[in-house]
Amino acid sequence: MNDKLKVGILGGTGFVGQRFITLLENHPFFEVAAIAASPRSAGKTYEEAVKNRWKLNVPIPDSVKDIQVKNVHEVHEISNEVDFVFCAVDMPKAEIKELEENYAKAEVPVISNNSAHRMSPDVPMVIPEINSDHLKIIESQKKRLGTKYGFIAVKPNCSIQSYVPPLHALKEFEPENVVVSTYQAISGAGKTFRDWPEMSDNVIPFISGEEEKSEKEPLKIWGEIQGDGIVNASSPNISTQCIRVPVSDGHLATVFVTFKYKPSKEQILERWASYSGKPQELGLPSAPKQFLKYMTEDDRPQTNLDRDYEKGMGITIGRLREDTIFDYKFVCLSHNTLRGAAGGGLLTAELLKTEGYLVSREIKKAGLSASL
Ligand SMILES: N[C@@H](CC=O)C(=O)O
C-alpha cells in the first residue's frame, strides 16, 4: 500500500514551485497530488501551464505532466485532495497571509517559502539544522487558529542561509557584530538570463526588502520560545548589503565578525567540521551528510563549482582569516533555490512528518470526528 503523504504545490508553475516538483519526484515520504496556481493557469495540464516557462535544466517529471492545475483560491477543493501543501505563490503579502491561514484553518498544514508569516511570533521559521526546537510553538499557533492539525511553518529568506549556519556553529563564542555582503543569483528573483537580459554583464546594487530581511530574520532563528511566541534574540548586531550579480544560481556572502570570546582559527574550523543537527541525527532524506564544509583553496567556494555541494543542501565556506578591524572574515555559499528555497522547505516537511506534525487525511478525519 502507498502510504506516502499527498502534497499540494501552491504556486507550482513558478521557479520555486518547479523546484518543489522536481525534488518530490520519487520522494520516499511524499507524492504530488495537486498543483495550484493563478486563475490564468487553472484548468490547463501542468505541462501546458509551464510551456515556455520551464526554468530548470532537468525535464518536467512525467508523473506530473498531466495533472490539471487548480486555482490556488479553491481551498476547499484542494484541501480534500492533499494532506499538506507547500506554498510558493507570487501575490501581494496581505493576500498570501490570508491564503495561508485559509489552508491552515481548513486543517491543511502549510510549509511556506513566502515571507508573509515570517515575523508572526507563533509561526516557526526554520532552518532544520539550527532551530528545530521552534516547532513546539505550533501548538500555540493551532490554539490561535482554532485548528487541530492545520498550521503554518515557514523557511527563512534565501539570502541568510549561507551565513547564518556558519555563525550558528560558533554561537558559544558569542558573535557580537556581523557585517555581511551578499552576492545573489538571478534565480532568487525567479528569473533566468533569458527573461532578465539586463543582468548579463551587470551588477545591480539593490534588492527590494532584502537587507531588512537579512538583518532581522537571523534574530528570530536565534530567538527563544517564551509563552505563546518566539522572542527574537537581541544579538548579534547585523548589518548587510545585498547585491544582485550575473549568476544563475547560488548566493555567496562575505562575512566580517567580532566575538565576545574570540576563538582560535583551529576552534572555528573544528566547530564547522563537526556541526550537525536534527536532520542528520534523524537521517532525513534531504539532509546533507556534511552540512558545513570548509574549503582550503584560496579561490573557493565558487558559485559555479560549489553551489551543488551535497545536492545543493550543504553550505561551503572558505577564506577564513583574521581581519584588521573585526576578529575574522570569511566567505560562504549556499544554493538559493535548493537549500535557500524548495530544498529547505522540503527538509522542514521531512522533519515535521518525522516529528508527527504532518499526518494523512484519514488520520485527520478520525481525529476530528473523535473530538466532535
Ligand atoms: N529574495 C531573494 C530570494 C530568496 O528567498 C532574492 O531576491 O534573491
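These values consider heavy atoms only, across backbone and side chains, with no hydrogens, waters or symmetry-generated copies. Each ligand, and each atom within it, is numbered from 1 in the order the structure gives. No experiment lies behind these values; they were computed from the predicted model shown.
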Is there a side-chain contact between Arg118 and Lys213, using heavy atoms and a 4.5 Å cut-off?
yes
Is the centre of the Tyr149 ring less than 6.0 Å from the centre of the Phe151 ring?
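Not under 6.0 Å, so no.
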Find all protein N or O atoms under 3.5 angstrom from an N or O atom of ligand 1 and list the pairs with distances, or write 'none'.
residue, atom, partner, partner atom, Å
ligand 1, 1 (N), Glu210, OE1, 2.9
ligand 1, 1 (N), Glu210, OE2, 3.2
ligand 1, 5 (O), Asn157, OD1, 3.1
ligand 1, 5 (O), Cys158, N, 3.1
ligand 1, 7 (O), Gly188, O, 3.3
ligand 1, 7 (O), Arg244, NH1, 3.4
ligand 1, 7 (O), Arg244, NH2, 2.6
ligand 1, 8 (O), Gln184, NE2, 2.8
ligand 1, 8 (O), Arg244, NH1, 2.9
ligand 1, 8 (O), His251, NE2, 3.0

Sequence neighbours excluded - side-chain hydrogen bond (donor to acceptor under 3.5 Å, both in side chains) pairs with any residue from residues 292-301:
Arg300-Asp306
Applying ring-ring contact (aromatic ring centres under 6.0 Å, His included), name anything that partners Phe29, two or more places apart in sequence or on another chain.
His27
Could I get the full list of side chain to side chain contact (heavy atoms under 4.5 Å, CB included) partners for Ser248, not counting sequence neighbours?
Phe193, Arg307
Treating His335 as the side-chain partner and Gly340 as the backbone partner, does any N or O pair qualify as donor plus acceptor under 3.5 Å?
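Judged by distance alone, no pair lies under 3.5 Å.
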